[in-house]
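Index from 1, following the sequence. Atoms within a ligand are numbered from 1 in the order they appear, just like the ligands themselves. No experiment lies behind these values; they were computed from the predicted model shown.
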Amino acid sequence: MGRVVVVGAGVIGLSCAVRLLEAGHRVDVLARDLPRETTSAVAAAIWYPYRAWPADRVLAWARAGYDAFAAIAADQPDSGVRMQEGTEVVARRDEKPWWSAAVPDLRETVEVPAGYDGGWVFTAPLVEMPVYLDWLAGRVLSLGGSITRLNLHGLPPTGSGGPDAVVDCSGMGAKFLAADPSVHPVQGQVVLVEQVGLERWWLESVSAEGPLYVVPRAHDIVVGGTSVEGEWSRTPSPEVASAILRRALRLVPELAGAEVLGHRVGLRPARPEVRLERVGDVVHCYGHGGAGVTLSWGCAGEVAELLG
Ligand SMILES: Cc1cc2nc3c(=O)[nH]c(=O)nc-3n(C[C@H](O)[C@H](O)[C@H](O)COP(=O)(O)OP(=O)(O)OC[C@H]3O[C@@H](n4cnc5c(N)ncnc54)[C@H](O)[C@@H]3O)c2cc1C
């Protein structure tokens, strides 16, 4: 059991910190942005393996994530996690989704709004990120870890007074901290609207206009979104927000008249493939694109295994 520094306090860094603490390591989390300031705080967040590769590893991590979130939803009422049935709509019915093995209750449906051919009904973990990130940070502290704001210009050196190992969960920051030019932003914008009594979630993941999702939370509903490759801006666009709401209304007419409460933009840390590998005393764990929440527990478990 050694001393580990985790760089990053988004959903990936905090989940890795929890698993490493559970395995008996001493863990200090260092991060420029604290949990509620991260991209992770912007996520919708529904369990769904969107925009992350390679498919075989993503499927295994997503399956582990599904089970972990189901257990948290059952045991931890204050975690912001709940299991909820909803519908993914499709423009043209096809074979079962490639990730269907990760979901226990997937079934086909033709009861979908006009304009869609059919869809898939299944129970998914819904994760209310601000609440969940607070809960995760609380887990880190209660297990004896620490979380400190620090803007790093390089990964901390290991050995001779430094930590025994470093886990790099810096998301977009890995572009510089790991000198990895393949990391790039995929901008996503969402609109928060008032809760109008919606329980089920709705999703259209494959569309020329970008992903569309309506994710109900305790006090509001996250309506998204966009997926803009290479865009760095974090300023919400009023035109984009109007377009998102127009599309969402076709999918979920109950949203008509719902008051707009706010706008958020986040930069998904994208990469051709998630990087999860050990190089000497450093474990890199970044590049989760549009599925960091979904993959968090699966990846955290593998990171803990790599550090024994
Ligand atoms: C609009 C939107 C909707 C989304 N919806 C979903 C969804 O429904 N389901 C899902 O699974 N995923 C979703 N995602 C994707 C998900 O948000 C990301 O994959 C996830 O947040 C990545 O987590 P992370 O911990 O790697 O990165 P981040 O949350 O960005 O955290 C990175 C951490 O590294 C730190 N860091 C970076 N550089 C440095 C440095 N130099 N020094 C110190 N610290 C540093 C940061 O400060 C931060 O603490 C969505 C994303 C967006 C934008």
Side-chain angles (χ1 to χ4, degrees), residues 5-17 29-52 58 61-62 65-66 69 86 99 124-129 132-133 136-137 147-156 166-178 180 183 185-192 201 203 205 210-215 217 222-228 231 234 236 240 244 263-271 274-276 284-300 303:
V5 162
V6 172
V7 177
V11 70
I12 299 296
L14 295 180
S15 308
C16 288
V29 178
L30 306 179
R32 184 192 57 220
D33 307 294
L34 295 179
R36 279 190 177 234
E37 303 159 354
T38 62
T39 299
S40 300
V42 179
I46 184 171
W47 176 99
Y48 193 89
Y50 175 69
R51 246 201 143 285
V58 164
W61 294 325
Y66 190 104
F69 281 123
W99 43 262
L126 299 187
V127 186
E128 185 150 354
M129 290 309 289
Y132 179 63
L133 289 168
L136 263 185
I147 302 173
T148 302
R149 186 192 292 283
L150 204 61
N151 187 5
L152 298 170
H153 298 287
L155 293 175
V166 169
V167 182
D168 171 16
C169 305
S170 57
M172 275 304 306
K175 188 169 192 66
F176 309 103
L177 289 182
D180 184 341
V183 178
V186 175
Q187 184 211 51
Q189 179 167 336
V190 297
V191 185
L192 306 181
W201 53 266
L203 168 70
S205 72
L212 178 63
Y213 42 86
V214 177
V215 180
R217 307 199 294 194
V222 186
V223 185
T226 54
S227 198
V228 187
E231 176 57 63
R234 291 176 59 188
V240 169
I244 289 171
H263 304 272
R264 302 277 185 277
V265 174
L267 305 180
R268 300 178 182 91
R271 196 175 182 272
V274 175
R275 185 175 187 198
L276 201 175
H284 293 283
C285 185
Y286 62 81
H288 298 82
V293 182
T294 306
L295 308 181
S296 53
W297 287 118
C299 290
V303 165

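Using a 4.5 Å cut-off on side-chain heavy atoms (C-beta onward), V11 and V127 make no contact. For the pair S15/L136, a side-chain contact is recorded, criterion being any heavy-atom separation below 4.5 Å from C-beta on.
Looking from atom 3 (C) of ligand 1 to the surrounding protein, the closest heavy atom is Y213 OH, 3.5 Å. Among protein heavy atoms, the minimum distance from atom 25 (O) of ligand 1 is reached at I12 N, 3.1 Å. Distance from atom 48 (C) of ligand 1 to its nearest protein heavy atom, with residue and atom name: T38 CG2, 3.7 Å. Regarding atom 46 (C) of ligand 1, its nearest protein heavy-atom neighbour is D33 OD2, 3.4 Å. Scanning all protein heavy atoms for the shortest distance to atom 37 (C) of ligand 1 gives S170 O, 3.3 Å. Atom 51 (C) of ligand 1 has its closest protein heavy atom at R268 CG, 3.6 Å. When hydrogens are left out, the protein atom nearest atom 39 (C) of ligand 1 is R32 NH1, 3.8 Å; that is the closest non-hydrogen contact. Ranking the protein heavy atoms by distance from atom 27 (O) of ligand 1 puts G171 CA, 4.0 Å first.
At distances below 3.5 Å, at least one donor-acceptor pair connects side-chain atoms of T294 with backbone N or O atoms of Y48. Proximity of a side-chain donor or acceptor of S170 to a complementary backbone N or O of V7 within less than 3.5 Å is not detected. Judged by distance alone, with hydrogens and angles left aside, the side-chain atoms of S40 form no donor-acceptor pair with the main-chain N or O of G10 at under 3.5 Å. For W47 (side chain) and A62 (main-chain N/O), a donor-acceptor pair under 3.5 Å exists by modelled atom type.
Atoms CZ and CG, on F176 and L155 in that order, are 13.5 Å from each other to the nearest 0.5 Å. Here the CG-SG distance, from D168 to C16, works out to 10.0 Å after rounding to the nearest 0.5 Å. From F69, atom CZ reaches atom OH of Y132 across 4.0 Å, with rounding to the nearest 0.5 Å. Expressed to the nearest 0.5 Å, how far CE of M172 lies from CZ of R271 amounts to 12.0 Å. Once rounded to the nearest 0.5 Å, the distance linking NE2 of H263 with CD1 of I244 reads 9.5 Å. We find the CD1-OG1 distance between I12 and T39 to be 11.5 Å, quoted to the nearest 0.5 Å.
Shown in contact with G266 at under 4.0 Å from a heavy atom are these atoms of ligand 1, numbered in order with element: 53 (C). Atoms of ligand 1 lying under 4.0 Å from any heavy atom of V190, numbered from 1 in the order shown and given with element: 1 (C). Within ligand 1, counting atoms from 1 as listed, the ones closer than 4.0 Å to a heavy atom of V11 are 23 (O), 25 (O). Every atom of ligand 1 is numbered from 1 in the order shown, and the set under 4.0 Å from a heavy atom of G173 is 37 (C), 38 (N). Listed by number with element, the atoms of ligand 1 under 4.0 angstrom from any heavy atom of V293 are 10 (C), 11 (O), 12 (N). For ligand 1 and G8, the ligand atoms under 4.0 Å from any heavy atom of the residue are 33 (C), 34 (O), 35 (C), 49 (O). Shown in contact with C169 at under 4.0 Å from a heavy atom are these atoms of ligand 1, numbered in order with element: 32 (C), 33 (C), 34 (O).
Within the 4.0 Å heavy-atom shell around ligand 1 one does not find M172. Ligand 1 does not have G224 within reach: every non-hydrogen atom of the residue lies 4.0 Å or more from it. Contact between W47 and ligand 1 is absent, with no heavy atom of the residue lying under 4.0 Å from the ligand.
Neither the backbone nor the side chain of V215 comes within 4.0 Å of ligand 1, counting heavy atoms alone. Both the backbone and the side chain of L152 come within 4.0 Å of ligand 1, judged by heavy-atom distances. Residue Y50 does not touch ligand 1, judged by heavy-atom distances below 4.0 Å.
One option in S296, G290, G225 has a heavy atom closer to atom 13 (C) of ligand 1 than any other, and that option is G290. The closest heavy-atom contact to atom 9 (N) of ligand 1, among the options V42, V274, N151, I46, comes from I46. The closest heavy-atom contact to atom 28 (P) of ligand 1, among the options A270, A43, C299, S40, comes from S40.
Checked by distance only, ligand 1 and P269 stay at 3.5 Å or farther apart across all their nitrogen or oxygen atoms. For the pair Q189 and ligand 1, the shortest N or O to N or O distance does not fall below 3.5 Å. For the pair G292 and ligand 1, the shortest N or O to N or O distance falls below 3.5 Å. Any N or O atom pair closer than 3.5 Å counts here, and T39 shares at least one such pair with ligand 1. Between A9 and ligand 1, at least one N/O pair is under 3.5 Å apart. Some N or O of A44 is nearer than 3.5 Å to an N or O of ligand 1, by distance alone. Geometrically, ligand 1 and G289 share a nitrogen or oxygen pair separated by less than 3.5 Å. Between T294 and ligand 1, at least one N/O pair is under 3.5 Å apart.
Under a cut-off of 6.0 angstrom, the local environment of CZ in R149 is crowded, with over 12 non-hydrogen atoms contributed by other residues, nucleotides or ligands.
Ring geometry for W61 against H288 counts as tilted: the plane angle lies between 30° and 60°, on a 0 to 90° scale. Using bins of under 30°, 30° to 60° and over 60° for the plane-to-plane angle, the ring pair H284/Y286 lands in the perpendicular bin.
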side-chain contact (heavy atoms from CB on, under 4.5 Å) between V42 and M129, intermediate numbers included: CA-CA 7 Å; V42 179; M129 290 309 289; over 6 Å; no
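A52 and L295 get closest at one heavy-atom pair: CB-CD1, 3.9 Å. When all heavy atoms of G287 and V274 are compared, the closest pair comes out as O-CG2, 3.5 Å.
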